[in-house]
Structures are given as C-alpha cells and as structure tokens.
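Right, one structure below, let's go through it.
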Amino acid sequence: MLKFVIYGIGARGKLFLEWFDKTRVAAIVDRNPKLQGTQYEGIDIISLDAYEERFPNLFLIVTPSDDGREILVDLAKRGITRVLPLLRAPMELTSYEAPLPFEEMMLVAGETTVDTPIAIWGVNIFTIVLYEYLVSSGYHDVSIIDLPEQADVIAAIKEDASYHFLSQAEADAKSAKILIVDRFLHRTSQAVPANGICFYKFFDLSCYQKYRDLSVFRNRHKGESCFVIGTGPSLQIADLDTLATAGVPCFGVNTVYRAYSKTKWRPTYHVSTDPSMYAYLEKDVGLLKGVDAVFLGDRQRKSPKAIDAENLYVYHSSLEYFEDEGSDFSDDVNKVCYGAGSVLYTCLQIAVYMGFQNIYIIGADCQYKNAGHAGDHFIDDYDDDAEVDGILIPEDLFRGYRSARRFAEAHGIHMYNATRGGLLEVFDRVDFDSLFTDGAFTPEHAVIHPRKMS
C-alpha cells in the first residue's frame, strides 16, 4: 500500500487526518518554521527541503487553506510531480469524521455486486481510498482508468503493483460502471465518459439523506422580497431598525445576534456555515429561539445536532469556490448548498429555494483588514477573535457572487446590493434608504445603479 506525506497542517490538513489512516503518513510538511521540528499526533512536521531529502518517492497530499495554486506552482518548479491536490477530491474529505460512509457512497453507484466491473475515473487521494475499500470489500474487478493528462502521477502509482489500471476503451469493452471522482473534470482535455456517475458529488445525491427534510421550505416565500444581512462595518443598527419596522423577511448570519441588545430587529432565518462559529451558537442557543429556522452547515467535526434547538435544520455544505469559473449554485438545498467564501452565498441559495423573487444584500463590504476579526464587522464583539476557517479573498467571493447572479438572471430572480459602499460590484446597486417610505418597504421607489463588474 502507498504511504504519503501531508503538505499543510492547517484546518484542512487536520480535518483530513480525522479519518485518514495515520499509519500511512510518513511525515507532515508545513511552511511555518515554528512548526518544523515538532509533531502533530505523533507525526513529524518537516520542511519541504527535508521531504525532498528523506521522502522523495512518497506522494504529497496537498491540503491548503486556500486554492493551493502558489504551492502547486512551487512544487512544479522544484520538479516534484508526486502530488495529489486534495482540492481535486470530494470536499467532504476535509469535512467529516471517520469513518467515511462507504456503504452510503456505493448506493450512488446504483445496483452493483462484487462481480460488477468498476472503473474509477480521475486520480486523487480519494481514488486510492475508494479503490482500496472496494477491493477489501470483495469486489473482483476494480480498476483505475489510465488518463493521459495525469500520466506522471499514474506512472508513479503503477510502481506499486497493488493498483490495476486500464484504458477507457477497455473499461467500455467490459461495460464497467464508471465512477468519476475528479472535481476538476471540466478542466480536463480527456473526454469525460457520458455514462459515468459523478461520484465526487456522492453526498449531494438524494440517496444520502440523514438530516431533517428541508423541502418544507421550498417556495415558502414565492414571489416575495427579502434581505440577506452581512455583518460588514458598513451595516448600521439604524438599518436593522428600519428592517424591523418594515417587517421584511431577513436572513441573519453567524453571531449577528450579539447586536440584539441594540436593536428591536430579529431575523426571520439564521444561517451559519463556518465551523468556527458553532461554539458560539451552542453557548448562545437561547438567542436563536425567536427565528423561524436556524440553518447550519454540516462542514465541521462535531455534528450541528449538538446545538439543541427545536428550529434547527442541517444542510449539506460542499465547498466549490476555488474553481476559476466560480462556484456551483444549488437549485435544491435539500441536497446541497455550495460554498463561495461567504455565508451570504449560502443565504442566497436558501432564499432562492424558498422562492424569493427580489433579494437585497446589505452589509457585504468584501473588505477584510484583519482576516475577518476586529474592525471587519459592524459590532466589536462579533467573534472574540475566533479562528476563521480559510482565508477571506475578495476575488474568491466575487467569483461566487457572479455564479449567483448568473443563476438568478437565468431564472428571472433579481439580486441587488444595498450595501453602503464596499467592493461588491457584481450586482446592480440599490440605495438602501430609497427602499423605504415612512417606515414601509416601497421597492418601487428604489434608486438603482447598474453593476460595474462583469
């Protein structure tokens, strides 16, 4: 069996090691010199130079906190080709505790027996794990499809005789069931098999339902308007009071409830997807009782069900926002909500699912001076300097918002940015104050400015 070296012991690296067999990890590479020479759960943390000296024949599993481009470019310049970027694998591999639900996964493949020929399309760490699971489960005919564009990686894997490869033509000839496990399949020059099953999205598929049914919210607000409330410094308590007086449905996020002592406003719905916020929600759960529903993503080590709220609904959260083309935008949050660097993106998907026709965003400054900490929010005690999950990069946010806008335009939905200032120019802007007259919500009087960003 192959052994590996993990590159990066940040949030994703640690989550990956929650379920991965640590006995197969020879070392951890990290660029932080303060970590080098120490250990994580008994595994040595070393420099990249030390990796080249001690483990040049072992694969690097790259687990960056961002999209990893800088790391991958650096590895290529060094001539290091035994690289398995975690971002090519299903994002659930850095979101779930052990063990991975392989039995549920195989339901996605449809009717199979141990005699069914199975071919795995795309090479990443999940390919290896899935292959080994199928073989250990008694499947007699398991292979990995030999993709020319991944020739260097495949050649290295072939040095271990444990893994069997075949061509696409050979897979077709034996009518193999093809499981596609590469998230970047749209970037490949290799023709994607039309009969392949998008196995890299196994958690999105309806056969894997372990949460409360969210379909009760579908079209609940069909044709209505709502506000999605960001927590940027431009947001004013007076804005929340205005929304409270007008009675427009609102989505609040994360620890916005810490402003409750300053305003009569309360959100209709509360949404959180960042695992770093869950400890606060557990502690402050009493403040969430007044909202119609609390939506929490399942992307964390501890189940959101630990938050004891009668109005709690868990959605499956899948990160897709490192794609150059932007994020996916879900049309069915009962299956999945995609991430795009901001919880507001999740709110937009839920709002669309609920049938809202006009969606106004406020408090989305998209300007982070302190990685989402002090000074980046409209109240000082927003997060007590919690560890933010990932790096907040405006361009990543914009790619996601472009995806939201494209989806909205294709479905006759209107999304507006009502934020005071800020960098978000993906949507048409609307003057927040122009939306209200004598305390009433009067969108027909709105002053709208065309968007400045494509």
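Fair warning: this is a prediction, and the values are worked out from it, not measured in the lab. Residues: numbered from 1 along the sequence shown.
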**Prompt:** Is it the case that K14 and T63 place a side-chain donor and acceptor less than 3.5 Å from each other?
**Reply:** no
**Request:** Kindly say whether F165 contributes a backbone atom to a donor-acceptor pair with the side chain of D146 at under 3.5 angstrom?
**Result:** no
**Message:** Can a side-chain donor-acceptor contact be found between S215 and N334 if the only test is distance below 3.5 angstrom?
**Reply:** no
**Message:** In terms of relative ring orientation, are Y257 and Y260 parallel, tilted or perpendicular, with 30° and 60° separating the classes?
**Reply:** perpendicular
**Request:** Using side chain to side chain donor-acceptor pair (under 3.5 Å) as the criterion, list what pairs up with T268, not counting sequence neighbours.
**Result:** none
**Request:** Name the orientation class of the two ring planes belonging to F4 and F59 (parallel below 30°, tilted from 30 to 60°, perpendicular beyond 60°).
**Result:** tilted
**Asked** Between the main-chain N or O of Y338 and the side-chain N or O of Q349, is there a donor-acceptor pair closer than 3.5 Å?
**Response** yes
**Asked** Do N254 and S272 have side-chain atoms, one donor and one acceptor, less than 3.5 Å apart?
**Response** yes
**Prompt:** So, is the end of the R405 side chain (NZ or CZ) under 6.0 Å from the ring centre of F427 and within 45° of the ring's axis?
**Reply:** no
**Prompt:** Where is the tightest heavy-atom contact between R212 and N311, given as atom of each residue plus distance?
**Reply:** NH1-C, 4.3 Å
**Whether D365 side chain and S234 backbone form a donor-acceptor pair below 3.5 Å** = yes
**Request:** Would you mind telling me which of I61, V29, V62 makes a side-chain contact (heavy atoms from CB on, under 4.5 Å) with I6?
**Result:** I61
**Message:** So that I know where these two stand, are F227 and F251 an aromatic pair - ring centroids less than 6.0 Å apart?
**Reply:** no
**Item:** With F217, the ring pair (Phe, Tyr, Trp, His ring centres under 6.0 Å) member among Y353, Y315, F295
**Value:** F295
**Message:** If I take atom CG from residue L48 and atom CZ from residue R78, how far apart are they, to the nearest 0.5 angstrom?
**Reply:** 4.0 Å
**Item:** side-chain contact (heavy atoms from CB on, under 4.5 Å) partner of P267, chosen from L240, V291, V228, D292
**Value:** V291
**Prompt:** Sequence neighbours excluded, which residues qualify as salt bridge (Lys or Arg N to Asp or Glu O under 4.0 Å) partners of R429?
**Reply:** E425
**Carboxylate-amine/guanidinium contact R420 D433, below 4.0 Å** = yes
**Asked** Are any side-chain N or O atoms of S317 and backbone N or O atoms of T273, one a donor and one an acceptor, separated by less than 3.5 Å?
**Response** no
**Asked** To the nearest 0.5 Å, what is the distance between CZ (R402) and CZ (R451)?
**Response** 9.5 Å
**Request:** Look at the aromatic rings of H221 and Y269 and report parallel, tilted or perpendicular, splitting at 30° and 60°.
**Result:** perpendicular
**Message:** Rounded to the nearest 0.5 Å, what separates atom CH2 in W265 from atom CG in D239?
**Reply:** 11.0 Å
**Prompt:** Rounded to the nearest 0.5 Å, what separation is found between the OG1 atom of T346 and the CG atom of L296?
**Reply:** 11.0 Å
**Asked** When rounded to the nearest 0.5 angstrom, what distance separates OH in Y416 from CD1 in I362?
**Response** 15.5 Å
